[in-house]
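All chains are named by letter (A, B, ...) in the order of the sequence lines, taking the proteins before the strands, and each is independently numbered beginning at 1. In this text, all values refer to a predicted model and were calculated from it rather than measured experimentally.
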Protein chains: 2
Amino acid sequence: MSSERISDAELTIMEILWERAPLTATDVAARLPHDREWSLPTVKTLLSRLLSKAAVEHRADGRRFLYSPLIGREDYVAHESKRLVDRLFGGKFMPLFAHLAEQENLSDADISEIERLLQEMKS
Amino acid sequence: MSSERISDAELTIMEILWERAPLTATDVAARLPHDREWSLPTVKTLLSRLLSKAAVEHRADGRRFLYSPLIGREDYVAHESKRLVDRLFGGKFMPLFAHLAEQENLSDADISEIERLLQEMKS
DNA sequence: ACCTTCCGACTACAACTGTAATCGATTCGA
DNA sequence: TCGAATCGATTACAGTTGTAGTCGGAAGGT
């Protein structure tokens with residue numbers, strides 16, 4: 001749901017709320033990663049954009065707002081992963097897997113781990 | 001290389017050039033997918049943006065230009081895949097694989113195919 | 001009853017994107 | 001040779017994004 005795209009900067013905010021919610025704007029600002037130290041107004045702008053995209057909601061707490069995510073991280077991840085697969089791999093999973101496997105230069109341990117995963121999935 | 005991001009619309013153009021190059025702007029326009037029938041000026045704008053991003057190059061042919069990709073599809077795909085893994089999976093391959101595998105509901109045939117791939121990769 | 005401080009709302013503004021129109025030069029068909 | 005078609009270059013313009021400043025009102029200290 002909620003097909004409005006979430007931008008990079010907005011995602012930084014979402015990650016904070018996914019880790020802990022509800023939070024005030026000030027709390028969110030305090031939890032920014034060190035390579036992203038934005039001003040409080042910037043954080044508020046991003047929060048209100050996320051509000052209008054229906055990605056978060058807020059509830060009044062006295063005279064400030066408490067923000068919480070409306071879309072789940074799982075949903076977002078699924079959506080973005082699918083987007084990549086569609087854009088670059090013709091919607092097919094296998095070519096992406098092949099690409100990643102090659103790219104990542106998997107260790108034998110990784111390979112065993114994947115094999116274990118696959119066994120579990122076999123119907 | 002060339003860390004300028006390629007936008008969605010620009011990617012449509014790159015796909016055409018990756019399939020066949022060199023092409024003139026008009027040729028590119030003629031090969032647009034049916035859900036993306038842009039005007040010729042639009043195609044030219046996108047080509048010139050790709051030029052300034054050093055994603056394509058052009059060579060004069062009489063009074064028009066022949067465009068060719070400068071960055072390879074493989075490189076682009078690798079870059080974007082890594083970007084996704086970094087943004088959403090903490091840079092780790094395994095969680096992405098687990099997510100995709102679950103998401104895609106792999107058939108037994110798919111699983112066998114993957115197992116074959118893995119065997120090939122074992123050192 | 002004031003002054004400071006804090007909040008959300010609104011405004012700003014440049015870069016990038018999607019989508020195109022227009023213009024000046026050139027070439028090609030008649 | 002003259003008008004039409006075609007090219008690349010320039011300009012346009014609204015929406016999104018990154019990043020922030022400002023403003024009016026409310027809360028809280030004194």
Any N or O donor-acceptor pair under 3.5 Å from the base of [N] to the side chain of [X]?
| X | N | value |
| --- | --- | --- |
| A:Arg49 | D:dG18 | yes |
| A:Arg5 | D:dT16 | no |
| A:Arg64 | C:dC6 | no |

Separation of [N] [atom2] from [X] [atom1] (nearest whole Å):
| X | N | atom1 | atom2 | value |
| --- | --- | --- | --- | --- |
| B:Leu47 | D:dC7 | CG | P | 13 Å |
| A:Leu50 | D:dG18 | CG | P | 10 Å |
| A:Asp61 | D:dA27 | CG | C1' | 14 Å |
| B:Leu40 | C:dA20 | CG | P | 11 Å |
| A:Asp8 | C:dA15 | CG | P | 19 Å |
| A:Ile13 | D:dT17 | CD1 | P | 14 Å |
| A:Leu11 | D:dG18 | CG | P | 10 Å |
| B:Lys44 | C:dA21 | NZ | P | 13 Å |

field: Closest to side chain of B:Phe65, choosing from D:dG8, C:dC7, C:dA20
entry: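 For B:Phe65, the side-chain atoms sit closest to D:dG8.
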**Request:** Can you figure out which of C:dT19, C:dT17, D:dA26 approaches the side chain of A:Arg63 most closely?
**Result:**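 Between C:dT19, C:dT17, D:dA26, the one nearest the side chain of A:Arg63 would be D:dA26.
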Salt bridge check: are A:Asp8 and B:Arg83 linked by an N-O gap of less than 4.0 Å?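 A salt bridge is present here (some side-chain N lies under 4.0 Å from a carboxylate O).
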### Task
Measure the shortest side-chain to side-chain distance between B:Leu96 and A:Phe97 over non-hydrogen atoms and say whether it is less than 4.5 angstrom.
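In short, these two side chains do not touch, never coming nearer than 4.5 Å.
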**Q.** A:Leu50 vs A:Leu17 side-chain heavy atoms within contact, under 4.5 Å
**A.**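 A side-chain contact under 4.5 Å is absent here.
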So, B:Glu74 and A:Gln103: side-chain donor and acceptor under 3.5 Å apart, yes or no?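 No - no donor-acceptor pair under 3.5 Å links their side chains.
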Counting only side-chain N and O atoms of B:Ser7, is one of them less than 4.0 Å from OP1 or OP2 of C:dG18?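 True: B:Ser7 side-chain N/O within range (under 4.0 Å) of C:dG18 OP1/OP2.
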Practice prompt. Answer yes or no: does a side-chain N or O of B:Lys53 lie under 4.0 Å from OP1 or OP2 of C:dT17?
Written response: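 Checking C:dT17 against B:Lys53, a side-chain N or O does come within under 4.0 Å of OP1 or OP2.
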If I compare all heavy atoms of A:Pro33 with all of A:Ile16, which pair ends up nearest, and what's the gap?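 Answer, listing the atom of A:Pro33 first, then A:Ile16: CD-CD1, 4.4 Å.
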So if I take residues 14-39 of chain A and measure heavy-atom distances to DNA chain D, which residues fall below 4.0 Å?
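Here the set is A:Trp38, A:Ser39.
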Quiz item: Starting at the 5' end of DNA chain D and moving along, which residue's nearest nucleotide shows up first, B:Tyr67 or A:Pro41?
Solution: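 By nearest-heavy-atom nucleotide position, the 5'-most residue is B:Tyr67.
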Review point. Does B:Ala9 offer a backbone N or O that forms a donor-acceptor pair with the side chain of B:Arg36 under 3.5 Å?
Key: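 Not confirmed, B:Arg36 side chain does not pair with B:Ala9 backbone.
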Please report, to 0.1 Å, the donor-acceptor pairs under 3.5 Å made by any side chain of residues 58-67 of chain A, with sequence neighbours excluded.
none

